Amino acid sequence: MPVLYGEQNSHLQTIENALDVEISSRGNEVLITGGSAGQARQVLEALWSKLQQGQDIDTHTVDSALRFLQEHKKQKNGNGHHSHANAPHSLSGFAEAETLIVTKKKRLQPRTPLQSTYMHAMNVNNLVFGIGPAGTGKTYLAVAMGVAMLESGRVEKIILSRPAVEAGERLGFLPGELKEKMDPYLRPLYDALHDTMAAEKVQKKVASEEIEIAPLAFMRGRTLNNAFIILDEAQNTTTMQMLMFLTRLGEGSRMVITGDPSQTDLPGHQKSGLLEAMDILGGVEGIEFVKFSSQDVVRHPLVSRIIEAYDKKRK
C-alpha cells in the first residue's frame, strides 16, 4: 500500500488534483469522494494491477495512468460510444500493457496511449514513421525496440542514421576523423543506446558493426538486410535523400523514420523529404504513421506547455 499511495501520499495527491476528488486512506482502505470518484477508483485499480505484476509505481506511472484515462474519455466522447474495455488506450489496456519493450538492461512501458500504438506498430510493420515534437519518445523507443530485437535475434544488426545538415552532408571532404565530426550529431542516438544496453556491450557491438551509427550520406548504394534501421531527424532530409533511404530496405529488415516537421533546418526553400513522404505514402499498405502531439510529451510538464505556446503562435 505505501508504494501505491506514494511517499507522504504523493500519488494519491496527484490523482486528487488531476480528477478533482478527495481521497482519504486508512491502512489498506481508501475512501474517494467527488464527481470523478469512479475514475479515480479505476486509476487506483490499474496501478494496483501493475503492482501485482511486480512492477514499481513511481510518479511517471501515475502520470501515465491518468493520461490513459484522459485519452479513453476523449475517445468515448468523440465516438459517442464506449470503446472496448481492453482497447490499448483504455485503463485496462494500460494495466495489462502488452506492449512492453524488454531489453536485458530495461523494461519499457508506454507512458502515453500513442506510445503504446507506436510500440505496437514497430512490432508488426516493416516501416513506421514516428512524427511529432521533441520529448515524445519517438527516437528513444525506436532505439529501445532495435536493441530488444537485436538481443532476441529478430534482427542481426542495428543501423542508426541522421542527416548532418550543418555539415552539408559532405563529410568526406572535411579534415579530421569522421567519428569526431559525427559524434555531436549522433549523440542522442548514443544516449538512447546506453540507456537500454550496458555500455561495454554497446562498445563491443559498435566495434563488431552489429551496431552501426552513420550519417545518411553513407547509406547510398547499400541494401540493408536483417537489420533494424532508424533514420532520426528525418525532417532534415531532402526528397532525394528520403527516397534513397527508403529504398535501402532489404530482406528481413525493419525501418523506423522519426522527425518533427516543425523543426526543419534545411537551407533556403528546400522541401523536407519527411513532409513529402507523409504526403505520398499515406495509403501504402505495410507503412504506419504514428503522429504525436504536445500532449504526448513525456519530458518535464513545462516542455508540453512550451510546445503548445509555440504552436499557438504559429497558427
Side-chain angles (χ1 to χ4, degrees), residues 18 58-72 74-75 88-89 93-94 97 99-101 103 106-125 127-148 160-163 185-196 228 230-237 254-265 272 274-275 277-278 287-315:
D58 57 13
T59 50
H60 293 315
T61 322
V62 179
D63 177 51
S64 300
L66 289 163
R67 283 177 190 250
F68 273 77
L69 176 78
Q70 297 305 342
E71 183 64 26
H72 187 50
K74 236 177 19 198
Q75 291 198 344
H89 289 175
F94 161 79
T99 42
L100 274 179
I101 297 177
T103 72
K106 225 175 185 176
R107 282 170 71 89
L108 290 173
Q109 296 177 55
R111 281 171 55 184
T112 72
L114 258 185
Q115 280 194 353
S116 179
T117 304
Y118 185 49
M119 285 154 86
H120 179 69
M122 290 190 286
N123 233 328
V124 299
N125 292 291
L127 177 56
V128 176
F129 284 80
I131 293 155
T136 47
K138 348 177 258 302
T139 303
Y140 183 84
L141 290 174
V143 172
M145 184 63 87
V147 169
L160 306 171
S161 189
R162 277 184 133 183
Y185 294 106
L186 302 167
R187 191 76 255 164
L189 298 172
Y190 280 111
D191 290 347
L193 267 179
H194 283 123
D195 216 28
T196 47
F228 193 94
I230 299 169
L231 175 61
D232 191 31
E233 298 288 347
Q235 73 275 7
N236 291 331
T237 58
R254 284 169 186 269
M255 195 177 263
V256 181
I257 292 175
T258 67
D260 177 1
S262 69
Q263 300 268 0
T264 308
D265 297 318
S272 163
L274 176 63
L275 281 170
M278 288 163 69
I287 301 177
E288 188 164 345
F289 287 84
V290 181
K291 293 174 184 167
F292 295 95
S293 73
S294 56
Q295 263 105 43
D296 299 294
V297 172
V298 288
R299 288 185 187 163
H300 194 285
L302 196 51
V303 177
S304 299
R305 298 202 285 276
I306 290 168
I307 291 166
E308 274 166 19
Y310 269 88
D311 281 349
K312 261 192 207 129
K313 180 81 177 145
R314 282 197 190 99
K315 282 168 193 164

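Predicted model, so just to flag it, every value in this text is computed and none were measured.
In this structure, CG on L141 lies 5.5 Å from CE on M119, to the nearest 0.5 angstrom. Here the OG1-CD distance, from T136 to Q115, works out to 7.5 Å after rounding to the nearest 0.5 Å. Here the straight-line distance linking atom CG of L193 with atom CG of L189 works out to 7.5 Å at 0.5 Å rounding. Rounding to the nearest 0.5 Å gives a distance of 4.5 Å between CD1 of I101 and CE of M122. To the nearest 0.5 Å, the span separating CG on N123 from OH on Y118 amounts to 12.5 Å. Note that CZ of F292 and OG1 of T112 are 6.0 Å apart. Values are rounded to the nearest 0.5 Å.
Side-chain contact check for L231 versus T258: every heavy-atom pair is 4.5 Å or farther apart.
Salt bridge absent: R111 and D63 never bring a charged side-chain N and a carboxylate O closer than 4.0 Å.
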task: May I have the step-by-step check of side chain to side chain contact (heavy atoms under 4.5 Å, CB included) for V143 and I230, ending in yes or no?
output: CA-CA 8 Å; V143 172; I230 299 169; 3.9 Å; yes

task: Show the numbers, then the answer: is there a side chain to side chain contact (heavy atoms under 4.5 Å, CB included) between M278 and I131?
output: CA-CA 9 Å; M278 288 163 69; I131 293 155; 3.6 Å; yes

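A donor-acceptor pair under 3.5 Å links the side-chain atoms of T103 to the main chain of T196, judged by distance alone. Under the 3.5 Å distance criterion, the side-chain polar atoms of Q235 are left unmatched by any main-chain donor or acceptor of D265.
Listed by chain and number, the residues in a side chain to side chain donor-acceptor pair (under 3.5 Å) with S262 are D260 (sequence neighbours excluded). The side-chain contact (heavy atoms from CB on, under 4.5 Å) check on A121 picks up N125, V128, E288, V290, with sequence neighbours excluded. Scored by the side chain to side chain donor-acceptor pair (under 3.5 Å) test, K291 finds no partners at all (sequence neighbours excluded). Judged as a ring pair (Phe, Tyr, Trp, His ring centres under 6.0 Å), and not counting sequence neighbours, Y310 has no contacts. Under the rule for a ring pair (Phe, Tyr, Trp, His ring centres under 6.0 Å), the partners of F129 that lie at least two apart in sequence or sit in another chain are F289. For the salt bridge (charged side-chain N to carboxylate O under 4.0 Å, His left out) test, no residue two or more places apart in sequence or in another chain qualifies with D296. Checked against side chain to side chain donor-acceptor pair (under 3.5 Å), D58 has the following partners two or more places apart in sequence or in another chain: T61.
Residues F228 and V256 approach most closely at CZ-CG2, 3.6 Å, considering heavy atoms.
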